[in-house]
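Heads up: the structure comes next, in structure tokens.
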There are 2 protein chains.
Amino acid sequence: MLEQIAPLELKAKMYRGFADPTRLSILESLRDGERMVGAIVEATGQSQSNVSNHLSCLKECGLVTSRRDGKKIFYSIASHQVQSLLNDGDLVLREIRDCIRSCAKYDY
Amino acid sequence: MLEQIAPLELKAKMYRGFADPTRLSILESLRDGERMVGAIVEATGQSQSNVSNHLSCLKECGLVTSRRDGKKIFYSIASHQVQSLLNDGDLVLREIRDCIRSCAKYDY
DNA sequence: TCATCATATCATTAAAGGATGATATGTTAG
DNA sequence: CTAACATATCATCCTTTAATGATATGATGA
């Protein structure tokens, strides 16, 4: 099954990691450096279980990495390339800010 | 309402344009240059109404632009910056291809 | 004006997706 | 060993999302 998945769908799947507000807020909280789960929970204002759930997926997708230090687990952005994508996202948003604000779809 | 939407949600909203397979295939079909709707329909293999619906949203969000030539409407990627984001997406995907393939979420 | 071409819009439906809250699991100090 | 800390997992539910197919709208040539 998965062997036959087209690159396009893989790519869309990748962008999904950025397209959900909770996930994006997690990634944003990690831009300045690694954080433990508890800190991500505080930074994002989401429930611990929700954050854990999303982190699990982001990690499995390869967008973040983790390391354990005793009871604590630290997460960080997986690569410079992911950071670069986030930076580009900022630039695009700057361009289309007014348009996207007025679009009625995806009213978060 | 919309005035109060946080930048994070705006950004997630922007990434949404890339995270849906149909939308992404539309954007991908435009990377080499502008196309009329009919051609996008062929390139993506989606129904005309579905393509139109997504194009409408992509346009309103500012990710694509359009011009009319008689009966035909041509769409193109809105800016170099959007192209750049697509390029970065390719690079990230290259890095995480094996991981994301194995992730069970978003089985397109 | 009307038929044809090209595209946009709309109502409906089925499926996907995300959050919650309880609970399970892993680590560690006393 | 046990309690406390930190995090992961799970079942459920509600909301959102995308596709379909019919139809509306716009442009044009005869």
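Within every chain, numbering begins at 1; the chains are lettered A, B, ... in the order of the sequence lines, protein sequences first and strands thereafter. A quick note: this is a predicted structure, and the numbers were derived from the prediction, not measured.
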Using nucleotides 7-14 of chain C, report all nitrogen or oxygen pairs with the protein that are shorter than 3.5 Å.
unit_1: dT7(C); atom_1: OP1; unit_2: Val37(B); atom_2: N; d: 3.2
unit_1: dT7(C); atom_1: OP2; unit_2: Gly38(B); atom_2: N; d: 3.0
unit_1: dA8(C); atom_1: OP1; unit_2: Tyr75(B); atom_2: OH; d: 2.5
unit_1: dA8(C); atom_1: OP2; unit_2: Ser52(B); atom_2: OG; d: 2.4
unit_1: dA8(C); atom_1: N7; unit_2: Gln48(B); atom_2: NE2; d: 2.6
unit_1: dA8(C); atom_1: N6; unit_2: Gln48(B); atom_2: OE1; d: 3.0

Atom [atom1] of [X] and atom [atom2] of [N]: how far apart are they, to the nearest Å?
X         : N       : atom1 : atom2 : answer
Lys13(A)  : dG17(C) : NZ    : P     : 10 Å
Leu58(A)  : dG18(C) : CG    : P     : 11 Å
Arg16(B)  : dA16(C) : CZ    : P     : 14 Å
Asp69(B)  : dC5(C)  : CG    : P     : 18 Å
Lys105(A) : dA18(D) : NZ    : C1'   : 6 Å
Glu42(B)  : dA6(C)  : CD    : P     : 11 Å
Tyr106(B) : dA16(C) : OH    : P     : 13 Å
Arg67(A)  : dG26(C) : CZ    : P     : 20 Å

- Task: With DNA chain C as reference, determine whether Ser47(A) or Gly70(A) sits nearer its 5' end, using the nearest nucleotide of each.
- Result: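 Of the two residues, Ser47(A) wins.
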- Task: If a pair satisfies ring pair (Phe, Tyr, Trp, His ring centres under 6.0 Å) and one of its residues is in residues 8-37 of chain A, list it, with sequence neighbours excluded.
- Result: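 Ring pair (Phe, Tyr, Trp, His ring centres under 6.0 Å) check on residues 8-37 of chain A returns Tyr15(A)-Phe18(B), Phe18(A)-Tyr15(B).
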- Query: Counting only side-chain N and O atoms of Thr22(B), is one of them less than 4.0 Å from OP1 or OP2 of dA18(D)?
  - Reply: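 So the side chain of Thr22(B) is outside the cut-off, no N or O lying under 4.0 Å from OP1 or OP2 of dA18(D).
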- Message: Quick check: closest heavy atoms across Arg35(B) and Ala43(B), and the distance to 0.1 Å?
- Response: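 For Arg35(B) and Ala43(B), the tightest heavy-atom pair comes out as NH1-CB, 3.4 Å.
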- Please report the closest heavy-atom contact between Leu24(B) and Ala12(A), naming both atoms and the distance.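 Taking every non-hydrogen atom into account, CD2-N, 3.4 Å.
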- Residue pairs passing the side chain to side chain donor-acceptor pair (under 3.5 Å) test where at least one lies in residues 86-99 of chain B, sequence neighbours excluded: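 For residues 86-99 of chain B, and leaving out neighbouring residues, the side chain to side chain donor-acceptor pair (under 3.5 Å) pairs sorted by first residue read Lys11(A)-Asp90(B), Ser79(A)-Glu95(B), Gln81(A)-Asp88(B), Ser84(A)-Asp88(B), Arg31(B)-Asn87(B), Arg31(B)-Asp90(B).
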- Message: Could you work out, with side-chain contact (heavy atoms from CB on, under 4.5 Å) as the rule, every residue matching Ser25(A), not counting sequence neighbours?
- Response: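 In terms of side-chain contact (heavy atoms from CB on, under 4.5 Å), with neighbours along the sequence ignored, Ser25(A) is linked to Thr44(A), Leu8(B).
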- Query: Can you pull the salt bridge (Lys or Arg N to Asp or Glu O under 4.0 Å) pairs that have at least one residue in residues 67-84 of chain A, sequence neighbours excluded?
  - Reply: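 Checked against salt bridge (Lys or Arg N to Asp or Glu O under 4.0 Å) - neighbours excluded - the pairs reaching residues 67-84 of chain A are Glu34(A)-Arg67(A).
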- Can you list every salt bridge (Lys or Arg N to Asp or Glu O under 4.0 Å) pair that touches residues 74-85 of chain A, not counting sequence neighbours?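 Applying salt bridge (Lys or Arg N to Asp or Glu O under 4.0 Å) to every pair that reaches into residues 74-85 of chain A, excluding sequence neighbours, yields nothing.
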- Each residue besides Phe74(B) in its hydrophobic cluster should be listed here, by chain and number; the cluster joins Ile, Leu, Val, Met, Phe, Trp and Tyr at side-chain heavy-atom distances under 4.5 Å.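 So far as hydrophobic clustering goes, Phe74(B) is joined with Met36(B).
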Could you give the side-chain donor-acceptor pairs of residues 55-62 of chain A under 3.5 Å, partners two or more places apart or in another chain?
unit_1: Lys59(A); atom_1: NZ; unit_2: Ser66(A); atom_2: OG; d: 3.0

- End-to-end axis angle, where each axis spans five pairs of the helix from dT1(C)-dA30(D) to dG30(C)-dC1(D), to 10°: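 Nearest ten degrees gives 20° for this helix.
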